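Worksheet: one structure, shown below.
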Amino acid sequence: MHDYHFLPLGNELRALSIQQPIGFFLHTPWPKPDVMEQVRHHRELMESMLAYDLVGFQTRWDLDNFLSCLRSHLGLESKNDVVISARGLTRCQTFPIGIDPKQFAEYAVESLATHRKEISSMQNKLDGTKLAIGVDRLDYTKGIDNRIKTLDQVLADKPRSISLLQIGTSSRADIPAYSEYQRDIDNLVGDVNRRHGTDDGLKPILYEKNHFSQMQLAGLYRTADVGLVTPLRDGMNLVAKEYVAAQDSNNPGVLVLSKFAGAAAELNENEALHISRLRLDQRGANAHLCDPGGVECRGEACTGYALGRPFVGRADQRRGGPD
C-alpha cells in the first residue's frame, strides 16, 4: 500500500480475514505527537496502521515521530523499531525514495545537445543575469507563493539580478483549496512580472504549466545557476536529487534546499545550501532567526548567490563552500 489515502486499509483487509503479510509506505511526513493530536480519530488511525506487518517512511525523522506518537497516544513501546500490538508485530523502517543519478546525468548531456534551441528560447524570454529554476506540483505545501514573494523582494533591491523559470504542474484542481492556490500563483507571477519586467517584453519569471520530459528537465537543471526546492514540508522531494544529478561536476549550480524536505537528510551541506530559520535585516546584510515558513529565508539564499556574495558560489559549492 502506498501513501496516506490508504492508512486504514490494512485494518479493513484484516477484517476481511486477509492473513498474508501486508506492507505500507508513507510518502508524506509523519508529524510529532503534539501535531498528530490535533487530527480527529488519531488514536484509531494509528491503531489501524498496526494492522500492517511493515510500515515504511521516507526518513528517520518520520519514523521516530511515528514511534513517539505510538508511545504518547497509545502507550506502546518499541524495540529495534518493532512494535508489538494486540494483532502482533509491526516492523518500522526507512525506505527513502530516489532516482537513477547516472541516467539523469546522461539525460542532461543529451538534452543540451537535443533541446539547446528550446532552452535558449526560454532563456531569451527572461530578464536576469542568473537563472533559478523551480519544478513543483501546484500544491500549497511546496512554498511556491513564498518563493515568488522572495523574488519580488530580491528584484526590488537588486533589479535584473536573477530570473526564475517556474514549472508548475496542476494538482488536484477539482479541490477548491488547490484551485484557489493556483489562481493565487497566477496572480503573484503577473504582479511580479508587471513590476519588474522591461518595456521590450523581458520578464523576471517564466511560468510554464506544460509537461516536460525527464530529459528536458535535466537540460534545464544543468542550465540553471540555482535550483530552488523550498517546500514548507515535504516527504522527500525528488527534484532536489534530480537537480544535483544533472549538474556538470566541473561547474555545478547551487541547490537551495529547505531543511523541511526529506531530501535534506540525504544531501549534505556540500551538495546543497540548506535553509531554515533565516531572516534579512533592513539592509539585507545579516541573517537572524525567524519563522521557517517566511519568505525572508529564501531571500537571503537567492540574493547571496545571485549577487556573488562570498558565502556560496557556483564553482565552489561542490567543494564544500568557499575557502
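What you are looking at is a predicted structure, and each value in this text was computed from that prediction instead of being measured.
- Within the 4.5 Å cutoff, no side-chain heavy atoms of Leu257 are placed close to those of Asn237.
- In this structure the side chain of Leu267 reaches within 4.5 angstrom of the side chain of Val244, judged on heavy atoms.
- Between Glu271 and Glu266, the closest side-chain pair of non-hydrogen atoms is not below 4.5 Å.
- Here Trp61 is tied to no hydrophobic group at all, with no ILVMFWY side chain closer than 4.5 Å.
- Contacts of Gln166 classified as side chain to side chain contact (heavy atoms under 4.5 Å, CB included), with partners at least two apart in sequence or in another chain: Asp136, Ile144, Arg147, Leu164, Tyr207.
- Here the options are Lys259, Lys142, Arg137, the test is salt bridge (Lys or Arg N to Asp or Glu O under 4.0 Å), and the partner is Asp234; only Lys142 passes.
- Within 6.0 Å of the CG atom in Asp200, the count of heavy atoms belonging to other residues, nucleotides or ligands exceeds 12.
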Open item on the list: Evaluate Asp174 against Ser179 for side-chain contact (heavy atoms from CB on, under 4.5 Å), listing each step before the verdict.
Closed with: CA-CA 7 Å; Asp174 55 330; Ser179 59; over 6 Å; no

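- Remark: Gln93 CD to Phe25 CZ distance equals 11.0 Å, nearest 0.5 Å.
- Proximity of Arg87 to Leu50: side-chain heavy atoms (C-beta onward) are nowhere separated by under 4.5 Å.
- For Ile18, the CD1 atom is densely surrounded, since the number of other residues' heavy atoms within 6.0 Å is greater than 12.
- At most 12 non-hydrogen atoms from other residues, nucleotides or ligands lie less than 6.0 angstrom from CZ of Phe6.
- The shortest distance between side-chain heavy atoms of Arg60 and Asp81 falls below 4.5 Å.
- Residues satisfying the salt bridge (Lys or Arg N to Asp or Glu O under 4.0 Å) test with Arg14, not counting sequence neighbours, are Asp53.
- Both Ile99 and Met236 belong to a common hydrophobic cluster when Ile, Leu, Val, Met, Phe, Trp and Tyr are linked at side-chain heavy-atom distances under 4.5 angstrom.
- Each salt bridge (Lys or Arg N to Asp or Glu O under 4.0 Å) pair with one or both residues in residues 96-107, not counting sequence neighbours, would appear here, but there are none.
- For the atom pair OG (Ser72) and CG (Asn65), the distance works out to 10.0 Å, reported to the nearest 0.5 Å.
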- [ ] List the steps and the verdict of side-chain contact (heavy atoms from CB on, under 4.5 Å) for Leu151 and Ile162.
- [x] CA-CA 8 Å; Leu151 185 69; Ile162 193 166; 3.5 Å; yes

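- Phe24 pairs by the ring-ring contact (aromatic ring centres under 6.0 Å, His included) definition with Tyr52, not counting sequence neighbours.
- In this structure, the side chains of Ile22 and Met1 come closer than 4.5 Å at one or more pairs of heavy atoms.
- Applying the salt bridge (Lys or Arg N to Asp or Glu O under 4.0 Å) test to pairs two or more places apart or on separate chains, those with a residue in residues 179-189 are Asp186-Lys209.
- Taking both residues in full, the closest heavy atoms of Thr59 and Asp62 are given as OG1-OD2, 2.8 Å, listed atom of the first, atom of the second, then distance.
- Using a 4.5 Å heavy-atom cutoff, the side chains of Leu217 and Ile167 are in contact.
- Atom OG in Ser111 sits 11.5 Å away from atom CD in Gln214 (nearest 0.5 Å).
- Of the possible polar contacts, one joining the Gln247 side chain to the Tyr221 backbone as a donor-acceptor pair under 3.5 Å is found.
- With rounding to the nearest 0.5 angstrom, the CG atom of Asp139 is 3.5 Å from the OG1 atom of Thr141.
- Using a 4.5 Å heavy-atom cutoff, the side chains of Arg160 and Leu202 are in contact.
- Closest non-hydrogen pair, Ser161 versus Val154, comes out as OG-CG1, 3.7 Å.
- Applying the ring pair (Phe, Tyr, Trp, His ring centres under 6.0 Å) test to every pair with at least one member in residues 162-189, sequence neighbours left out, gives these pairs: Tyr140-Tyr178.
- Rounded to the nearest 0.5 angstrom, Ile97 CD1 and Leu238 CG are separated by 4.0 Å.
- In this structure, Lys203 NZ and Thr198 OG1 are separated by 10.0 Å, a value rounded to the nearest 0.5 Å.
- Take Arg91 and apply the salt bridge (Lys or Arg N to Asp or Glu O under 4.0 Å) test, not counting sequence neighbours, and it matches no residue.
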Output a table of donor-acceptor pairs, distance under 3.5 Å, between side-chain atoms of residues 112-121 and any protein atom two or more places apart or on a different chain; print 'none' if there are none.
unit_1 : atom_1 : unit_2 : atom_2 : d
Thr114 : OG1    : Glu110 : O      : 2.9
Ser120 : OG     : Arg116 : O      : 3.0

TODO: Take Asp152 and Lys149 through the salt bridge (charged side-chain N to carboxylate O under 4.0 Å, His left out) test and state the conclusion after the steps.
DONE: CA-CA 5 Å; Asp152 189 22; Lys149 291 173 185 176; over 6 Å; no

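- Remark: Arg233 pairs with no residue by the salt bridge (Lys or Arg N to Asp or Glu O under 4.0 Å) rule, at least two apart or across chains.
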Could you go through residues 28-47 and list every donor-acceptor pair under 3.5 Å that involves a side-chain atom there, pairing it with any protein atom two or more places apart or in another chain?
unit_1 : atom_1 : unit_2 : atom_2 : d
Gln38  : NE2    : Asp34  : O      : 3.3
His42  : ND1    : Val39  : O      : 3.0
Arg43  : NE     : His73  : O      : 3.4

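- Contacts of Asp3 classified as salt bridge (Lys or Arg N to Asp or Glu O under 4.0 Å), with partners at least two apart in sequence or in another chain: none.
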TODO: Let me see the working for Leu206 and Ser163 under side-chain contact (heavy atoms from CB on, under 4.5 Å), right down to the final yes or no.
DONE: CA-CA 8 Å; Leu206 179 57; Ser163 56; over 6 Å; no

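- Shown here for Ala132 and Ala224, the closest heavy-atom pair between the two residues is C-CB, 4.5 Å.
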